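For reference, the structure is listed below as structure tokens.
A note on names: the letters A, B, ... follow the listed sequences, proteins ahead of strands, and every chain is numbered from 1. Owing to the predicted nature of the structure, the values given are computational and were not obtained by experimental measurement.
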Amino acid sequence: MSQSGAKVSPQVSEEFQNLKRSNDKNRVLRYIIFKLSDDYSQIEVEHADADSDWENFREKLLNATSKSKTGAVGKGPRYAVYDFGFKFDGRDINKIILIAWSPDDAGVHPKMIYAASKEALKRSLEGFAYEIQANDSDDLEHSSILNAVLAKMNA
Amino acid sequence: MAQQPLPTSAQPTDIYGGDEVSALVLDPGYCNTRAGFAGEDVPKSILPSFYGHVTSDPPRDLFGDECIIPRSDFEVRNYMNKDSVVEDWDVAAKMWEFMLVKRLQPERQTPPSKNKLNDDVKEQDGEGDVAMEEVEAMEKALEEYPLLMTEAPWNSPKAREKAIELSMESWGTPAFWLSRTPVLSSFAAGKATALVIDVGGANTSVTAIHDGMVLKRSIQRSPAGGLWLSSQIRNMWETSEPKVDLIPTFMVENKTPVDALAPAQARLREFPYKIHDSYRAFEEERLLTEFKESVVEVWRGPGRYGAAGNEEYIKSQPGRVFEMPDGYNQMWREQRFKVAEGMWDENAGYPVPESERLTKAQTIPELIRSALNAIDVDLRGNLLANVVVTGSTSLINGFNDRLNNELTAMYPGLKIKIHAAGLSSERRFGAWIGGSILASLGTFHQMWISKKEYEENGVGIVEKRCK
């Protein structure tokens with residue numbers, strides 16, 4: 001359970017349903033990025049997109065910001081779900097992955113709250129395949145994510 | 001979920017998150033105890049967990065660094081034990097109250113004639129039974145302040161119950177919470193899953209955290225921390241040629257500068273009473289800490305310090321000079337590495353009495369191996385990619401490089417990534433800072449165990465809620 005007490009906006013699971021309904025014939029959504037509201041009280045949808053360009057998605061996470069308690073803007077953690085397509089045993093496969101993005105150079109304040117609130121989000125996302133914790137820009141490279149997914153599939 | 005309404009006087013002045021509460025955060029350790037207000041960056045009050053005990057009649061306890069001075073009939077004691085668990089609850093209660101009430105809220109002091117330890121948060125009307133008022137004052141000491149406490153992950157259920165009982169019954173806190181230190185350190189590093197290596201004063205522990213929960217089977221700990229390092233330095237000084245006398249600062253009246261390695265020329269203070277060994281040991285520890293901070297370094301690797309050629313290499317490098325309080329000074333070169341090597345290699349370091357010797361299983365690399373062996377093999381990769389290093393003793397130069405080298409050698413092919421806060425305050429007070437952020441959140445309202453819940457369920461509530 002969430003250890004911060006943060007709530008999850010109902011919009012989160014609504015959008016997640018839209019992502020789950022998506023497939024390559026009918027691409028409603030490719031990914032959703034979630035953020036904690038500015039007062040850190042609830043998890044909300046920040047951006048939902050059908051764009052399949054990984055780099056665009058990655059840039060969005062890398063450029064995410066959070067406010068510290070003094071109001072200073074710095075790098076910010078995010079959560080995201082991504083309908084990740086790849087080849088496995090010669091077949092095309094899609095797996096929805098949950099990414100907990102917390103850049104090491106973000107402030108201790110947002111990092112603490114995002115980490116402590118993640119379980120609340122997880123409980124409202126029924127049906128993602130794998131979870132990946134990413135803490136620097138390398139972790140968000142397409143190849144790193146692919147390797148992490150393959151490692152989990154082979155586990 | 002039960003929510004504890006706060007009295008209006010506890011409403012925040014500094015609004016963050018809409019409804020911040022002025023909670024207190026208490027983080028007790030063997031060497032130091034840290035206390036402060038939630039939402040602040042560092043604990044306002046940091047005191048040694050050692051306290052003074054006057055043995056003459058009437059015996060009494062003295063708290064605070066400034067009270068630990070040479071005096072007659074005086075011993076230095078510690079309310080915690082070396083497992084970082086409370087040993088003496090009566091003193092723990094007094095010590096914590098001293099910090100939470102007296103140190104954090106000085107403006108609310110009652111006249112010393114009433115009660116030296118207890119503040120009175122209520123307006124006195126000057127009537128009624130004085131004894132009753134005192135009892136009441138004691139009960140209300142923290143009635144406006146929710147309290148978040150930290151604990152070692154191996155803390156006993158009994159000690160956890162004792163903590164909530166003390167908080168609710170003796171101080172009247174409206175709400176209480178217990179958090180495990182490695183969970184807080186992991187979260188503060190932005191990770192819900194991590195392998196937390198806490199290199200503290202009395203202990204070094206390794207704990208795997210998965211999705212914010214302690215994996216109990218993984219918990220490993222050993223004395224390979226700051227105090228053990230002190231015993232190595234003592235031994236090094238003891239066997240050094242010439243022998244280095246460990247004379248703490250308080251004993252030196254004056255000194256004359258001397259050349260390196262020359263005998264000290266100092267006049268020592270004479271005391272008309274006997275200085276208790278426990279006081280001397282406490283003061284020696286201060287000096288040892290200074291030596292650790294300025295001289296000791298961990299051999300970074302690759303490989304162990306004892307491997308061929310390493311010592312010769314170090315001997316060709318510049319050393320560091322350390323001057324003792326009595327003026328004796330010398331250059332420390334290879335010794336300053338050797339002294340920390342025993343944490344990594346049970347065959348290295350300085351020979352110490354059997355009781356203080358680390359076994360192979362107690363060295364840091366083996367603690368990590370045991371922790372990872374105790375849990376599901378599928379989790380290993382993820383944990384090694386998320387190693388969080390915290391604790392003051394981890395600040396010794398070279399520590400993280402060495403850890404990285406050891407782990408790379410132990411787990412070839414796996415990605416190893418070590419996260420250690422760059423700010424030394426975040427490493428020293430990691431758990432406190434994590435608790436401070438959590439307890440300052442408006443949403444944390446619904447997490448607290450409220451007074452009402454406590455009254456309905458009793459002390460057992462803490463085991464149910466603080467998992």
Among residues 13-28 of chain A, those lying within the under-4.5 Å heavy-atom range of chain B are none
For A115(A) and A192(B) the tightest heavy-atom approach is O-CB, 4.0 Å
Heavy-atom closest pair (Q3(A) atom, F187(B) atom, distance to 0.1 Å) is OE1-CE1, 3.5 Å
Taking every non-hydrogen atom, the tightest pair across K111(A) and H419(B):
NZ-NE2, 3.7 Å
Using only non-hydrogen atoms and a strict under-4.5 angstrom cutoff, which residues of residues 379-391 of chain B touch chain A?
N382(B), N386(B)
Distance-only donor-acceptor pairs under 3.5 Å for side chains of residues 140-148 of chain A, two or more places apart:
from: E141(A); atom 1: OE2; to: R58(A); atom 2: NH2; distance (Å): 3.3
from: S144(A); atom 1: OG; to: D138(A); atom 2: O; distance (Å): 2.6
from: N147(A); atom 1: ND2; to: S143(A); atom 2: O; distance (Å): 3.3

Could you tell me whether the side chain of I433(B) reaches within less than 4.5 Å of the side chain of H109(A), counting heavy atoms only?
no
To the nearest 0.5 Å, what is the distance between CD1 on I113(A) and OG1 on T443(B)?
7.5 Å
Can you tell me which of A106(A), G107(A), A6(A), P103(A) forms the most heavy-atom pairs within a distance under 4.5 Å of chain B?
A6(A)
Note: D139(A) and K415(B) closest approach over all heavy atoms is OD1-NZ, 2.7 Å
Most contacts with chain A, counted as non-hydrogen pairs under 4.5 angstrom, among D41(B), I437(B), V377(B):
I437(B)
Given that the side chain runs from C-beta out, which part of A189(B) has a heavy atom under 4.5 Å from chain A: side chain, backbone, both or neither?
backbone
Turns out that what part of Q42(A) lies under 4.5 Å from chain B's heavy atoms comes down to neither
Under a 3.5 Å distance rule, please check whether E119(A) uses its side chain to pair with a backbone N or O of G212(B) as donor and acceptor.
no
In short, side chain to side chain donor-acceptor pair (under 3.5 Å) pairs touching residues 424-436 of chain B with sequence neighbours left out are S394(B)-R427(B)
Test item: K7(A) and Q446(B) side chains (from C-beta on) under 4.5 Å apart, heavy atoms
yes
Assess whether a salt bridge exists between D136(A) and K417(B), defined as any Lys/Arg side-chain N lying under 4.0 Å from an Asp/Glu carboxylate O.
yes
Will you find, in the side chains of K191(B) and N135(A), an N or O donor that is under 3.5 Å from an N or O acceptor?
yes
Measure the shortest side-chain to side-chain distance between K118(A) and D211(B) over non-hydrogen atoms and say whether it is less than 4.5 angstrom.
yes
Heavy-atom pair of closest approach, residues Y40(A) and L441(B)
CB-CD2, 4.4 Å
